[in-house]
Amino acid sequence: SALAYTGVGIAGALLWGTAQETEDNRYKDFAQQLYLTAGSMSLYHSFRTAVTTRRPVGEFLFLTRYETPPDLIGAPVRLEYLMRTTTWLPLLAASVFFFFFSPDVNFEGMMFSDFFYAGSIGYMTGVSEELVFRGYAMPLAMHYTNSPTQAIGISAALFAGAHGLRFNHFVTSLVFGLYTGWLSQHRDWPLSECIFLHTWWDVLAFLADYSSHQERAVLRIPTLHFRF
């Protein structure tokens, strides 16, 4: 796993280097997000490995479920999550806000590259950000505060702060972080459903961006600008 994370991280760094020669910001976002995804996978794997050594001494006992890297990477395509109200209802709400409340949405001018970037960047942000904030920060907050509510609040605040202090971005990210934190704890601390929800939320947001030729969708959770 370590070799895989390192390889993906190096690939992202190399792409980032070549991306500086182009004016296509999506290419730069893709390269940066590839690097961040490798870093988040490595961080989460290291954390869960450490958890296994701490559980025998009575720490992190609330983390009773372990999801393997293939489980987490494959979570965005596990369509059975659409059968859960906790998933399809937020995505339905996002679709309404992104597409039906925007008078400029028009898919006719979109190209394959638009769908590729929406899918790939949405996928990587969904995986990486959930690993960092719900898979790493929230359990740590729970460990030190011994309060599920405070753990959700702390991880959501960090999540929102990492997405910038612009009011609409901060508030939307905070609400999203509170919801996915609750969702993870409600399911006994797994991440897969949160990753699925986060991925497709971002995909919808990027498609709304590209279809309306805007740099940002109103309720979009932007790409996380954070380096390991």
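Worth knowing before you read on, the calculation uses all heavy atoms, side chains too, and leaves out hydrogens, waters and symmetry mates. Because the structure is a prediction, the values reported are computed rather than measured.
The minimum heavy-atom distance linking Leu158 with Ala137 is given by the pair CD1-CB, 4.2 Å. Between Pro90 and Leu197, the shortest heavy-atom contact is CB-CD1, 3.9 Å. Nearest heavy-atom pair, Val127 versus Thr199, reported as atom, atom and distance to 0.1 Å: N-OG1, 4.2 Å.
Judged by distance alone, the side chains of Arg134 and Ser184 never bring a donor and an acceptor atom under 3.5 Å apart. A donor-acceptor contact closer than 3.5 angstrom links the side chains of Thr64 and Asp188. Looking only at atom types and distance, the side chain of Ser192 has no donor-acceptor partner in the side chain of Arg187 under 3.5 Å away. Residues Thr125 and Gln33 have side chains that never bring a donor and an acceptor to within less than 3.5 angstrom of each other.
In this structure Tyr81 satisfies the ring-ring contact (aromatic ring centres under 6.0 Å, His included) test together with Phe196, sequence neighbours excluded. Annotation: ring-ring contact (aromatic ring centres under 6.0 Å, His included) contacts of Tyr179 (sequence neighbours excluded): Trp182.
The hydrophobic cluster containing Leu79 also contains Trp201, counting ILVMFWY residues as joined when their side-chain heavy atoms lie under 4.5 angstrom apart, directly or transitively. If you chain together hydrophobic residues whose side chains sit under 4.5 Å apart, Val175 and Trp88 never meet in one group.
Within a 6.0 Å sphere centred on OH of Tyr136, heavy atoms belonging to other residues, nucleotides or ligands number 12 at most. Remark: Tyr144 OH is loosely packed, at most 12 non-hydrogen atoms of other residues, nucleotides or ligands lying under 6.0 Å away.
Separating the CG atom in Leu207 from the CZ atom in Phe98 is a distance of 10.0 Å, to the nearest 0.5 Å.
Between Phe60 and His143, the ring planes lie parallel to each other; the angle is under 30°, not in the 30° to 60° tilted range.
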